[in-house]
Amino acid sequence: MEETIALFRPVGGDELRLIAESGYHAFPPRLPAQPIFYPVQNEEYAIQIARDWSAKGPDSKSGYVTRFTVKAEYLSQFQVQKVGGSLHLEYWIPAEKLAEFNQNIVGLIEVIAEFHGK
């Protein structure tokens with residue numbers, strides 16, 4: 001059996017809608033101003049972003065946490081980036097590799113938490 005790694009990604013309502021349109025199999029392409037796709041290593045960090053940023057943002061007022069697994073062999077080409085405290089660990093996937101990344105997701109992308117602003 002192939003080894004996989006569980007990752008998390010905070011998303012807003014628009015991105016979640018596009019994930020749903022894929023049948024929960026893929027993340028949508030990045031926008032031109034978004035050169036990096038950044039899945040995170042732990043649920044707590046993803047919750048922080050979804051709750052404290054996405055749900056309070058000027059646009060969607062909703063934040064969701066997704067969980068998914070990726071083939072470990074594929075993911076090994078990317079280094080983990082520490083972007084704050086020890087909790088803030090993420091992968092930086094270049095936007096041009098996102099389609100390839102999506103092909104290495106095993107199973108479905110699940111929504112495991114949601115937050116709504118006022």
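We use all heavy atoms of the structure for the numbers below, so side chains are in, but hydrogens, waters and symmetry mates are not. Keep in mind that what you see is a predicted model, and the values were worked out from it rather than measured.
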For this session: Using a 4.5 Å cut-off on heavy atoms from C-beta on, say whether the side chain of Phe68 contacts that of Pro39.
Result: yes

Problem set entry | Note, Phe8 side chain near Ile112 side chain (heavy atom, < 4.5 Å) | yes

Exercise. For Ile109, does its backbone N or O pair with a side-chain atom of Thr66 as donor and acceptor, under 3.5 Å?
Worked result: no

Problem set entry | Crowding at CD, Glu44 (>12 non-hydrogen neighbours, <6.0 Å) | no

Exercise. What is the distance from atom CG of Leu87 to atom OH of Tyr45, rounded to the nearest 0.5 Å?
Worked result: 8.0 Å

Exercise. Hey, quick one: are Phe78 and Val80 part of the same hydrophobic cluster, counting side-chain heavy atoms closer than 4.5 Å, chains of contacts allowed?
Worked result: yes

Problem set entry | Within-4.5 Å side-chain heavy-atom neighbours: Leu7 and Tyr91 | yes

Problem set entry | Derivation and outcome, side chain to side chain contact (heavy atoms under 4.5 Å, CB included), residues Leu18 and Phe27 | CA-CA 7 Å; Leu18 294 171; Phe27 290 95; over 6 Å; no

Seminar exercise, completed: Minimal heavy-atom distance between Gly84 and Lys82, with the atoms involved, is O-CE, 3.3 Å

For this session: Considering non-hydrogen atoms only, spot the tightest contact between Pro10 and Ala46 and give its length.
Result: CB-O, 3.6 Å

For this session: State whether the number of non-hydrogen atoms from other residues, nucleotides or ligands found under 6.0 Å of Glu96 atom CD is greater than 12.
Result: yes

Exercise. Passes side chain to side chain contact (heavy atoms under 4.5 Å, CB included), Val83 versus Glu90? Steps please.
Worked result: CA-CA 8 Å; Val83 295; Glu90 57 191 37; 3.6 Å; yes

Exercise. Of Gln34, Arg30, Gln103, which meets side-chain contact (heavy atoms from CB on, under 4.5 Å) against Leu98?
Worked result: Arg30

Seminar exercise, completed: dist His25:NE2 -> Ile19:CD1 (nearest 0.5 Å) comes out at 12.5 Å

For this session: Would you check if there is a donor-acceptor pair between the side chains of His88 and Gln48 at a distance under 3.5 Å?
Result: yes

For this session: Return yes when atom CD of Glu110 has more than 12 non-hydrogen atoms of other residues, nucleotides or ligands closer than 6.0 Å, and no otherwise.
Result: yes

For this session: Answer yes or no: is there a donor N or O on one side and an acceptor on the other, between the side chain of Asn42 and the main chain of Leu89, under 3.5 Å?
Result: no

Exercise. Can you find a pair of side-chain heavy atoms, one from Thr4 and one from Leu75, that are under 4.5 Å apart?
Worked result: no

Problem set entry | Hydrophobic cluster identity match, Ile105 and Val111, side-chain contacts under 4.5 Å | yes

Problem set entry | Min side-chain heavy-atom separation Tyr74-Val106 under 4.5 Å | no

Exercise. Are Phe101 and Phe37 close enough that their ring centres sit under 6.0 Å apart?
Worked result: yes

Exercise. Under 30°, 30 to 60°, or over 60°: which ring-plane class applies to His116 and Tyr64, parallel, tilted or perpendicular?
Worked result: perpendicular

Exercise. Are Phe115 and Val65 close enough that some pair of their side-chain heavy atoms sits under 4.5 Å apart?
Worked result: yes

Exercise. Between Glu15 and Arg9, is there a side-chain N and carboxylate O pair less than 4.0 Å apart?
Worked result: yes

For this session: Answer yes or no: is there a side-chain heavy-atom contact under 4.5 Å between Ile5 and Lys71?
Result: no

Exercise. Hey, does Pro94 have a side-chain heavy atom less than 4.5 Å from the side chain of Ile36?
Worked result: no

For this session: Count the heavy atoms of every other residue, nucleotide or ligand shown that sit under 6.0 Å from CD of Gln79, and state whether that count exceeds 12.
Result: no

Seminar exercise, completed: Looking only at heavy atoms, the pair that brings Ala6 and Thr69 closest together is CA-CG2, 4.0 Å

